[in-house]
Amino acid sequence: MKKLLVQALLVAGALQLGACGKREAPAKDTVPKAPYGRIDQARVVAANNEPQNWFTTGRTFSEERFSPLDQINVSNAQQLGFAWQYDLQTERGLEATPVVVDGVLFASSNWSKVYALDARTGRELWAFDPKVPGEWARNACCDVVNRGVAVWQGKVYVGTLDGRLIALDANTGKELWSQDTFIDHARSYTITGAPRIAGGKVIIGNGGAEMGVRGYITAHDAESGAQAWRFFTVPGDPKLPFEHPELEAASKTWDPNSRWEAGGGGTAWDAMAYDPELNLLYVGTGNASPFPQSVRSPQGGDNLYLSSILAIHPDTGRLAWHYQTTPGESWDYTAVQHIVLTDLPIGGTTRKVLLQAPKNGFFYVLDRATGELLSAQKYVDVNWASHVDLKTGRPVPTGQGDYSKQPRRVAPGPFGGHNWQPMAFSPKTGLVYIPTLDRTAYYAADPDYKYIPRRSFNTGRAGATEYATQVRDGAVMTRKGALKAWDPVAQREVWRIDYPWFYNGGLLATAGNLVFQGTTDGYLKAYAADSGKLVAEVFVGTSIMAAPASYSVDGEQYIAVLAGYGGAQLDEYLEGSAARKYGNAGRIVSFKLGGGKVPVPPEKDWNANIPPLPERMQADAATLEHGALLFGQHCGVCHSLSDTPGGYPNLLRLPPGKHAVFDEIVLRGALASRGMANFSNEISEADAHAIHAFLIDQAYQARSKR
């Protein structure tokens, strides 16, 4: 009987997905002519000679995210309107920036799917689905997102959530080769970042430090896919041989008795940039695993190369220099945030610099040839360090960030002062535009931390203690954001736009004196790059996190952006967000001058057809408490206990059929193909019943408050 119920559920789910409707075929029109994607190093280096193209995820190797196009400008941006859209048939997070080459737009969506479209009309040329196993979603800290593709010499490269680096034929979308990049499939590795090209090689990193992994990046031959080299970002157990010389030096900055079983972290899950003149690849590395240094490396040390910027020779994989933004990292202060390469006048001399606003709250300017720190200033509220000493290059701790013995309220929190959403740099204004966050958090170390493979989070933080302290202190946790224009030479804020939401979109700057940003409430906004004045806004009806790109076809300029909420905020659609009001219909939307209104999804009635409450399960207070603990350990990373809409199923509103097969879903993977993995290797049948009883109890409590 249970088997029949499960089958019925799955069929119903499939019908429900189908009810969203098939993608309508666009009207016939002229499509670009193959061959597609013929990019080489010479074209990217001379990208300003081809302003109609957007060659890489950041447009150029330097990742400035600046378009020289100026047809759309401050004087006419109010005429911006709808050009076309492409339905991605998803309600999960979208974070990629398109690549546009010779009239063909290449983009990726969640589950690592790839699309090639006619950039003028949105007509689909081909689509590719790598068929990532749905159950791999449990290994991702922050949704099944993907931040883009690399296009090179007629190939399109994508990293998949389950660890493959795949090369596709740019003309047809046919898979040419696939390489498994994961060193250990028993650990919770993922790939969400875009591959980069450096020295003719395809570079890919990975994520998973919150879950307990060891970070590394891998370089593959762009033509054959053969592995060229691998660079581990943190050492392993010093009792074992070091994989390359840099790790021996790094190991001296770790306690020999560190918690090596937890991986160490340092994953390179996003930022990279390449300087072809210096032939250096720049890679940002991530947070520690586990977080508290008092747990991870009790004797202290800098713990290289956590939260660092690495300059690597792409031909050999050897380290040229490194700079660590957060020695002894303990707060999830990754340095994987967007890296920009440019030239700036510093001290009367033009310097080749690297710019970054990592999570820790300081804006850094480094000499990109040597790694010398040129300046560092706070760009958001920071209380864990007073300043960065320019002589030593090190932040000066205040003590407020030391939570080894007692909980501390720290700014920024783990979301950082700036997260993955890309910033942009305009050579015309000399300003950097940063999508900043204002969100503090309590931290407390778990003295009884134990690494558990495939546990939802292996951070080493004592969540219950943090929450109890927050309640005791009566702390109101801020969750705001801002768009800040920052002068990297003077190291000061020039102008800012405050938002009531902390999670807005990445940025695009253009020669039309414009800065574009999508927002949580569903607008594409255009600001004057020099003053911050709002010049235009177009309502899209879908929350936007991704950064736009600009390109032109037949002399007409377009702005294209992926619209779709999710990532680390998929569990709860924030109040005031377009996702809460209209749902989360994921799509690529393109804009042009003289366009019309964007087709907006219908408003969503989340309270329609609320299923009846099930009968309470027999469970005493101890069982409910056990269920709450297990929920926090295994379920809370995705499912919110708030009776508010989000991108994951609301477990307080499960229909009767789901309650009937709860164990089949949780313990036997009945919905694994849709992302709900089998947890039988972590919890028992009694545990599942405790979680189920707890959820039903919470559902009754939530319903009584309505």
Q | Beyond-backbone contact of Thr325 with Phe362, side-chain heavy atoms, under 4.5 angstrom | A | no

Q: Report yes or no: does Glu210 contribute a side-chain atom to a donor-acceptor pair with the main-chain N or O of Thr459 at less than 3.5 Å?
A: no

Q) Does the cation-pi check pass for Arg439 over Phe502, that is, NZ or CZ under 6.0 Å from the six-membered ring centre and within 45° of its axis? A) yes

**Q.** Check: Thr160 side chain, Ser112 main-chain N or O, donor-acceptor pair, under 3.5 Å
**A.** no

Q | ring pair (Phe, Tyr, Trp, His ring centres under 6.0 Å) involving Phe182 - partner list, sequence neighbours excluded | A | His185, Tyr189

Q.
For the CG atom of Leu570 and the SG atom of Cys638, what is their distance to the nearest 0.5 Å?
A. 8.0 Å

Q) Which residue pairs satisfy the salt bridge (Lys or Arg N to Asp or Glu O under 4.0 Å) criterion with at least one member in residues 253-263, sequence neighbours excluded? A) Arg259-Glu261

Q: Check step by step if side-chain contact (heavy atoms from CB on, under 4.5 Å) holds for Thr218 and Trp229.
A: CA-CA 6 Å; Thr218 311; Trp229 50 261; over 6 Å; no

Q.
Tell me every residue that passes side-chain hydrogen bond (donor to acceptor under 3.5 Å, both in side chains) with Glu329, counting only those two or more places apart in sequence or in another chain.
A. none

Q. Given side chains that start at C-beta, do those of Trp384 and Pro395 come closer than 4.5 Å, heavy atoms only?
A. yes

Q) Excluding sequence neighbours, so at least two apart, what forms salt bridge (charged side-chain N to carboxylate O under 4.0 Å, His left out) with Glu135? A) none

Q: Can you tell me which residue pairs pass the salt bridge (Lys or Arg N to Asp or Glu O under 4.0 Å) test with a partner in residues 616-630, sequence neighbours excluded?
A: Arg616-Asp697

Q.
Students often mix this up, so state it plainly: with edges at 30° and 60°, are the rings of Phe694 and Phe631 parallel, tilted or perpendicular?
A. tilted

**Q.** Check: Ser108 side chain, Gly148 main-chain N or O, donor-acceptor pair, under 3.5 Å
**A.** yes

Q | Backbone of Arg92 reached by a side-chain donor or acceptor of Asn110 within 3.5 Å | A | yes

Q. Within the distance-only criterion (no hydrogens, no angle test), does the side chain of His338 pair as donor or acceptor with the backbone N or O of Pro422 below 3.5 angstrom?
A. no

Q. Is the closest basic N to carboxylate O distance between Glu682 and Arg138 below 4.0 Å?
A. yes

Q.
Any side-chain to backbone donor/acceptor pair from Gln356 onto Ala335? Under 3.5 Å, distance only.
A. yes

Q.
Is it the case that the side chain of Thr469 and the backbone of Thr465 share a donor-acceptor pair, with hydrogens and angles ignored and the cut-off at 3.5 Å?
A. yes

**Q.** Residues forming a side-chain hydrogen bond (donor to acceptor under 3.5 Å, both in side chains) with Ser330, sequence neighbours excluded
**A.** none

**Q.** Evaluation steps, side-chain contact (heavy atoms from CB on, under 4.5 Å), between Thr233 and Thr267
**A.** CA-CA 7 Å; Thr233 58; Thr267 48; over 6 Å; no

Q: Using a cut-off of 6.0 Å, state whether more than 12 heavy atoms not belonging to Tyr700 lie near its atom OH.
A: yes

Q: Just jot down the side-chain hydrogen bond (donor to acceptor under 3.5 Å, both in side chains) partners of His322, sequence neighbours excluded, or say none.
A: none

Q.
Quick one: does any side-chain atom of Ser251 pair with a main-chain N or O of Pro238 as donor and acceptor, under 3.5 Å?
A. no

Q: List the steps and the verdict of salt bridge (Lys or Arg N to Asp or Glu O under 4.0 Å) for Arg408 and Asp402.
A: CA-CA 7 Å; Arg408 297 279 192 178; Asp402 182 2; 5.9 Å; no

Q) Would you say the side-chain atoms of His418 pair up with the backbone N or O of Ala357, donor to acceptor, closer than 3.5 Å? A) yes

Q. Can you tell me how far OG of Ser684 sits from CG of Leu667, rounded to the nearest 0.5 angstrom?
A. 8.0 Å

**Q.** Modelled atom types, side-chain donor and acceptor of His692 and His659, under 3.5 Å
**A.** yes

**Q.** Ala209 versus Asn287, closest heavy-atom pair with distance
**A.** CB-ND2, 3.5 Å

**Q.** Intermediate values then yes/no, side-chain contact (heavy atoms from CB on, under 4.5 Å), Phe231 and Leu319
**A.** CA-CA 9 Å; Phe231 188 99; Leu319 186 67; 4.0 Å; yes

(Q) Show, in sequence, the C-alpha distance, side-chain angles and deciding distance for Tyr333 and Trp331, and conclude whether the ring pair (Phe, Tyr, Trp, His ring centres under 6.0 Å) test is met. (A) CA-CA 5 Å; Tyr333 287 165; Trp331 306 272; 5.4 Å; yes

Q. Can you list the residues that meet the side-chain hydrogen bond (donor to acceptor under 3.5 Å, both in side chains) rule with Asp270, with sequence neighbours excluded?
A. none

Q) What distance do Asn206 atom CG and Ser188 atom OG have between them, rounded to the nearest 0.5 Å? A) 12.0 Å

Q. Can you find a pair of side-chain heavy atoms, one from Pro412 and one from Val380, that are under 4.5 Å apart?
A. yes

Q) Looking only at heavy atoms, what is the nearest atom pair of Arg196 and Ala271, with distance? A) NH2-CA, 4.5 Å

Q: Using the side-chain hydrogen bond (donor to acceptor under 3.5 Å, both in side chains) rule, take Asn146 and Thr192 through it: C-alpha gap first, then chi angles, then the decisive distance, then the call.
A: CA-CA 4 Å; Asn146 189 281; Thr192 56; over 6 Å; no

Q: Compare all side-chain heavy atoms of Tyr442 with those of Val410 and state whether any distance is below 4.5 angstrom.
A: no

Q: Could you check if a side-chain atom of Thr334 sits within less than 4.5 angstrom of a side-chain atom of Thr285, using non-hydrogen atoms only?
A: no

Q: Kindly indicate, with the supporting measurements, whether the criterion salt bridge (Lys or Arg N to Asp or Glu O under 4.0 Å) is fulfilled by Arg164 and Asp180.
A: CA-CA 5 Å; Arg164 291 168 285 159; Asp180 181 4; over 6 Å; no

Q: Grab the two heavy atoms, one from Asp332 and one from Pro414, that are nearest each other, plus how far apart they are.
A: OD2-O, 3.5 Å

(Q) Tell me the closest heavy-atom pair linking Ser289 and Asn458, and the distance in Å. (A) OG-O, 4.3 Å

Q. Side chains of Lys359 and Phe415: does their closest heavy-atom pair fall under 4.5 Å?
A. no

Q: Please collect all salt bridge (Lys or Arg N to Asp or Glu O under 4.0 Å) contacts where either partner lies in residues 467-479, sequence neighbours excluded, each pair once.
A: none

Q) Do Tyr565 and Leu574 come within less than 4.5 Å of each other through their side chains, counting heavy atoms only? A) yes

Q | His626 versus Asp687, side-chain donor and acceptor atoms under 3.5 Å | A | yes

Q. Is there a donor-acceptor contact under 3.5 Å from the side chain of Arg461 to the main chain of Glu466?
A. no

Q: Would you indicate whether the side-chain heavy atoms of Ile691 and Ile683 approach each other to under 4.5 Å?
A: yes

Q | For Pro195 against Leu165, the heavy-atom pair lying closest together | A | CG-CD1, 4.2 Å

(Q) Going by ring pair (Phe, Tyr, Trp, His ring centres under 6.0 Å), name the residues that satisfy it together with Trp260, two or more places apart in sequence or in a different chain. (A) Trp254

Q | Residue pairs fulfilling salt bridge (Lys or Arg N to Asp or Glu O under 4.0 Å) with at least one residue in residues 285-304, sequence neighbours excluded | A | Asp302-Arg394

Q) What pairs meet the side chain to side chain donor-acceptor pair (under 3.5 Å) rule with one or both residues in residues 238-247, with sequence neighbours excluded? A) Arg214-Glu243, His244-Glu246, Glu246-Arg318

